[in-house]
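Take a look at the structure below.
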Amino acid sequence: MIRYATVGTGWIVDSFIEGAALAGGLELAAVYSRSEETGRAFSARHGGVPVFTDLEKLAESGAIDAVYIASPNALHYAQSRRFLLGGKHVLCEKPIAVTSRQLRELLTLSEQRGLIYMEAIMMRHLPARETLRAAVSELGRVQSARFDFSQFSSKYPAYQAGKLPNIFNPAMATGCLMDLGIYCVYPALDLFGRPQRIEASAAFLQSGADGAGGCLMDYPDKVVCLTYSKTAQGRRGSEILGDRGTLTIDSISQLTGIRRIGTDGKEETLAGSRTKAELMSGEAAAFRRYIQKAGRGSPALSDDYAQANALTLAVCETMEEIRRKAGVRFADDEW
């Protein structure tokens, strides 16, 4: 049994704990919160496990083998590094790092120490990913695709009222691209590889955060359009168009509501809906498998782990290029 701690007390952590329980082989052993009161309230919902308010002590604790990090983006690098130095496997929420330099450094550190370090990204570890890849291969010649994740943020009314939630605060390395756009970049690169040219733009809020944006990816044989927004609700989903049919995807982040529509108009559902816990169980199960394969202190890694991290690095580098083109810049950037 792999004993893990959580960093963060938001709803996403609740869902991950449920997903980890479904995956099996993972035992919640501790929680971290800056606030003792918040930490104890969170722990009480999950079996009353020990609460840490000192990250250093948790990183060095012998009570855990691994950690799931779901803190604000700007903290991901420092916290991941601290846990890796403490000998802990790390599963970090997307985006795993703000810059590709940070990511390369931590990938090297984890490899040197025989530890697993991976991004928590649902779509990469869902059965529906293989369903989607197989369906794309049957579309014939694909010359265009459109991936959209536009979701009205529950934090936007607070922002409009004059508050500054983390998600709209550039100091936290957040904004629409980092929060939602990444879910469009992942399938684009996973299905079609890296584009030869990128154009991008963003619509900025007064806080300096991007509230919406778009990206055009040029390939030798196709064009892929990405759109994302946290200030409005999308209704049309995503599409991949081939000369033998079309795939529509209701949720590109969850890979749910995937339908194939033939040139004759006949429709077939390939993937329906799943609970949030089920969606998050895939990444939890992958984390467990990778740890079991690597072994404590062993540099041996599975092929799937290496492929997952290669995609993560490609996405991180592509996100940097999109940000440069769109003018989305954070404190850790070196350009």
Side-chain angles (χ1 to χ4, degrees), residues 2 4 12 15-16 19-20 22-26 65-70 73 76-77 79-81 83-84 88-134 136-137 147 178 181-195 252-255 271 274 278-296 298-320:
I2 297 164
Y4 74 97
I12 193 72
S15 295
F16 177 80
L22 286 179
L26 295 163
D65 310 302
V67 63
Y68 167 70
I69 296 174
N73 298 346
H76 287 180
Y77 164 74
Q79 291 181 345
S80 294
R81 185 174 185 276
F83 280 103
L84 289 171
K88 308 302 187 285
H89 303 284
V90 174
L91 175 64
C92 184
E93 262 303 328
K94 57 78 191 168
I96 192 169
V98 176
T99 72
S100 59
R101 176 191 58 78
Q102 294 174 339
L103 178 53
R104 289 192 197 92
E105 177 191 330
L106 296 188
L107 287 171
T108 298
L109 177 61
S110 63
E111 184 175 358
Q112 290 172 342
R113 293 178 173 250
L115 296 166
I116 296 302
Y117 170 56
M118 62 174 278
E119 186 167 48
I121 186 79
M122 289 182 296
M123 63 81 59
R124 175 55 180 77
H125 304 285
L126 292 172
R129 171 180 174 250
E130 293 306 319
T131 300
L132 178 62
R133 289 166 66 89
V136 170
S137 70
F147 297 131
M178 300 293 271
I182 188 172
Y183 284 113
C184 299
V185 176
Y186 250 98
L189 270 59
D190 191 35
L191 292 170
F192 308 124
R194 299 180 71 151
I252 196 62
S253 66
Q254 301 177 355
L255 298 187
R274 302 183 74 185
E278 289 173 330
L279 292 167
M280 299 196 74
S281 68
E283 62 195 37
F287 189 46
R288 182 206 67 224
R289 288 195 308 271
Y290 297 156
I291 292 172
Q292 291 170 338
K293 280 199 171 187
R296 174 71 71 174
S298 168
L301 304 175
S302 70
D303 288 343
D304 188 61
Y305 172 75
Q307 292 167 7
N309 274 351
L311 179 59
T312 293
L313 180 57
V315 168
C316 185
E317 291 174 340
T318 301
M319 294 274 288
E320 278 186 314

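Note that the coordinates shown come from a computational prediction; the quantities given were computed from them, not determined experimentally.
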Could you tell me which non-hydrogen atom of V315 sits nearest to which non-hydrogen atom of I182, and how far apart they are? CG1-CG1, 4.0 Å
In Å, rounded to the nearest 0.5 Å, how long is the span from CD of E111 to CD1 of I116? 10.0 Å
Hey, does L91 have a side-chain heavy atom less than 4.5 Å from the side chain of Y4? no
Contacts of R288 that satisfy salt bridge (Lys or Arg N to Asp or Glu O under 4.0 Å) - sequence neighbours left out: none
Minimum heavy-atom distance between A20 and A284, given as atom pair plus value: CA-CB, 3.8 Å
State, with a plain yes or no, whether a side-chain heavy atom of Y77 is found less than 4.5 Å away from one of L103. no
Return the set of residues passing side-chain hydrogen bond (donor to acceptor under 3.5 Å, both in side chains) with Q79 (not counting sequence neighbours), or none when no residue passes. S71
Not counting sequence neighbours, which residues clear side-chain hydrogen bond (donor to acceptor under 3.5 Å, both in side chains) with R274? List them please. none
Ring pair (Phe, Tyr, Trp, His ring centres under 6.0 Å) partners for Y68, two or more places apart: F16
Residue list, ring pair (Phe, Tyr, Trp, His ring centres under 6.0 Å) with Y183, at least two apart or on another chain: F149
Residues in side-chain contact (heavy atoms from CB on, under 4.5 Å) contact with L84, at least two apart in sequence or another chain: V90, L106, L109, S110, L115, Y117
Residues forming a side-chain hydrogen bond (donor to acceptor under 3.5 Å, both in side chains) with E278, sequence neighbours excluded: T275
Applying side chain to side chain contact (heavy atoms under 4.5 Å, CB included), run through R81 and Q102 and close with a yes or a no. CA-CA 9 Å; R81 185 174 185 276; Q102 294 174 339; over 6 Å; no
side-chain contact (heavy atoms from CB on, under 4.5 Å) partners for E317, two or more places apart: S100, R104, R194, L313
Write down the atom of A66, the atom of I2, and the distance for their closest heavy-atom approach. CB-CG2, 4.1 Å
Looking only at non-hydrogen atoms, find the nearest pair between K94 and H76 and report the distance. O-CE1, 4.0 Å
What are the two closest heavy atoms between A128 and L255, and how far apart are they? CB-O, 3.5 Å
Is any side-chain heavy atom of S253 less than 4.5 Å from a side-chain heavy atom of I121? no
Partners passing side-chain contact (heavy atoms from CB on, under 4.5 Å) against R133 (at least two apart in sequence or in another chain): R129, E130, D190, L191
Value rounded to 0.5 Å, distance of CG in L132 from OG in S137: 10.0 Å
Is there a side-chain contact between Y290 and D304, using heavy atoms and a 4.5 Å cut-off? yes
Below 4.5 Å, heavy atoms only, C-beta onward: do L107 and N309 meet side chain to side chain? yes
Which residues pass the side-chain hydrogen bond (donor to acceptor under 3.5 Å, both in side chains) test with E283, sequence neighbours left out? none
Would you check if I69 and S80 make a side-chain contact, meaning some heavy-atom pair closer than 4.5 Å? yes
Take I252 and C184 through the side chain to side chain contact (heavy atoms under 4.5 Å, CB included) test and state the conclusion after the steps. CA-CA 7 Å; I252 196 62; C184 299; 4.3 Å; yes
As a test of understanding, state which of R124, H89, H125 forms a side chain to side chain contact (heavy atoms under 4.5 Å, CB included) with M118. H125
To the nearest 0.5 Å, atom CE of M280 lies from atom CG of L22 at 11.5 Å
